[in-house]
Amino acid sequence: MSRRVVRQSKFRHIFGQPVKADQMYEDIRVSKVTWDSSFCAVNPKFLAIIVESSGGGAFIVLPLSKTGRVDKNHPTVSGHTAPVLDIDWCPHNDNVIASASDDTTVMVWQIPDHVPVRSITEPIVTLEGHTKRVGILTWHPSARNVLLSAGSDNMIIIWNVGTGEALITLDEFHSDLIYNVCWNYNGSLITTTCKDKKVRVIDPRKHEIVAEKLTPHEGMRPMRAIFTREGNIFTTGFSKMSQRELGLWDPNNFEEPIALQEMDTSNGVLLPFYDSDSNVVYLCGKGDSSIRYFEITSEAPYVHYLSTYSSKEPQRGMGFMPKRGLDVSKCEIARFYKLHERKCEPVVMTVPRKSDLFQDDLYPDTPGPEPALEAEDWFSGQDANPLLVSLRDGYAPIKNRELKVTKKNILDNKPPSGPRRSFSSCDSGFSRVSIEDLVEEIKSLRAIVESQEKRITDLENLLHEIANCAD
């Protein structure tokens, strides 16, 4: 008699639960624009949601503690002239967020710790380089101020936000619309999915394709691809029969998948959210009312189904909290911010434990808010893993740090080589006479001021003597 062996995993019993009604964010007019982004970004300080806006594009930023009904006149971040399509918080500064828009620009904003009285309309820097709408944003995981954007012009631009410059432009690799872009763990490579049905691994600094795979999923609908911590690529897509699939691939051997699984026949694009600390990937489909989660391991079948969180209402978008924003005292290993039509509902994922002590196995050191590299170091060819922090004593968000943008001055450039223009005798004579006249005028003014000061002093002394005589 054979006995089924149950695979051992500390994440087998992940339990998802929505928060109570008073801890939700109500009366938010979530954007209705048709674009396959998450429409929501969250960090340990703030929740940002793309909202409906007349006369341009906007998103709203709320402190995490500001739950309940949101005032209809709550200030927004509204500098774009067309709908906002994607937003992303900087991993190294919790007060800095980037937004991409249909107006072809990327804007970077500094959000104050206090709730502003008026809407924020002036970005720190506007990044202009795309010729069509920009729908994808992602910050570098370990280098300060490095931001990647991708647009409908089939172009990827990597910016140094600190100077406002586009330092890398990749416009030769994609022949059609780019669906998504993801950095690997140390930010040395990116993976992209495209409407031409290819998944590519690109070294952006060398401007070369390291590996590519045609039709990892044979269906026509959009794919998504992310790097795992080990350097493999996890994909979601559709089969020829329009069934949703997930796959795991080794970019060094793209011919055969490590794992390929069919899921269901829904038509919503599956957005993967990956936790590199636990190797758990969460799949959220737009229009779905569930979140599925899988553990990626080195043992067959390599992608292990864990469980599903189900609810009644479909999701219009989803935000994923970084690990340092979780409550370790409650064994919380993930938190989602599920967007409905008029509200945002946090969903907490926990691993039940009897002990109240810190659970080392659930919380290895996780990427912290300090960058491992400066932008110039990364652009010059250096790589570094993110700097890790311990969550043993919880995480306290850092106070507002101002992002300083130093744009290069074209006047600082060296003049062109060759003979310099000589001043005419009229120019030089005028300059010399003007300077001499100014010096003489300053001298005469100084003499007048000194004489007036002496006269004022004499009059004050005289007045003092008259007053004494009167007494």
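For clarity, every value in this text was computed on a predicted model and none was experimentally measured.
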Within 45° cone and under 6.0 Å: K32 NZ/CZ vs F39 ring: no

Between E230 and N279, do the side chains contain an N or O donor and an N or O acceptor separated by less than 3.5 Å? yes

Please tell me whether K338 and S311 have a donor and an acceptor in their side chains that are separated by less than 3.5 angstrom. yes

Tell me yes or no: between the side chains of H140 and W183, is some donor less than 3.5 Å from an acceptor? no

Is the closest side-chain donor-acceptor distance between D103 and S101 under 3.5 Å? yes

Report yes or no: does W89 contribute a side-chain atom to a donor-acceptor pair with the main-chain N or O of A41 at less than 3.5 Å? yes

Less than 3.5 Å apart, any donor N or O on the side chain of H304 or T297 sitting next to an acceptor on the other? yes

May I ask you to check whether D383 and S188 show a side-chain donor-acceptor distance below 3.5 Å? no

Go through the steps to decide whether F379 and I158 satisfy the test side-chain contact (heavy atoms from CB on, under 4.5 Å), and finish with yes or no. CA-CA 10 Å; F379 284 112; I158 300 178; 3.9 Å; yes

Are a donor atom and an acceptor atom from the side chains of E345 and H340 found within less than 3.5 Å of each other? yes

Is it the case that T163 and E165 place a side-chain donor and acceptor less than 3.5 Å from each other? yes

Taking atom NZ as the centre, does K197 end up with more than 12 heavy-atom neighbours from other residues, nucleotides or ligands that are less than 6.0 angstrom away? yes

Yes or no on salt bridge (Lys or Arg N to Asp or Glu O under 4.0 Å) for D94 and R324, after CA distance, side-chain angles and deciding distance? CA-CA 11 Å; D94 287 341; R324 55 196 171 88; 3.1 Å; yes

Whether the T169 and D171 side chains hold a donor-acceptor pair (N or O, under 3.5 Å, no angle test) is what I'd like checked. no

Would you check, one step at a time, whether the test side-chain contact (heavy atoms from CB on, under 4.5 Å) holds for N160 with V146? CA-CA 5 Å; N160 181 349; V146 177; 5.9 Å; no

Could you walk me through whether D361 and K10 pass the salt bridge (Lys or Arg N to Asp or Glu O under 4.0 Å) check? CA-CA 8 Å; D361 59 331; K10 53 181 170 280; 5.2 Å; no

Between the side chains of R392 and D365, is the shortest nitrogen-to-carboxylate-oxygen separation below 4.0 Å, so that they form an ion pair? no

Cationic N near anionic O, under 4.0 Å, K323 to D275: yes

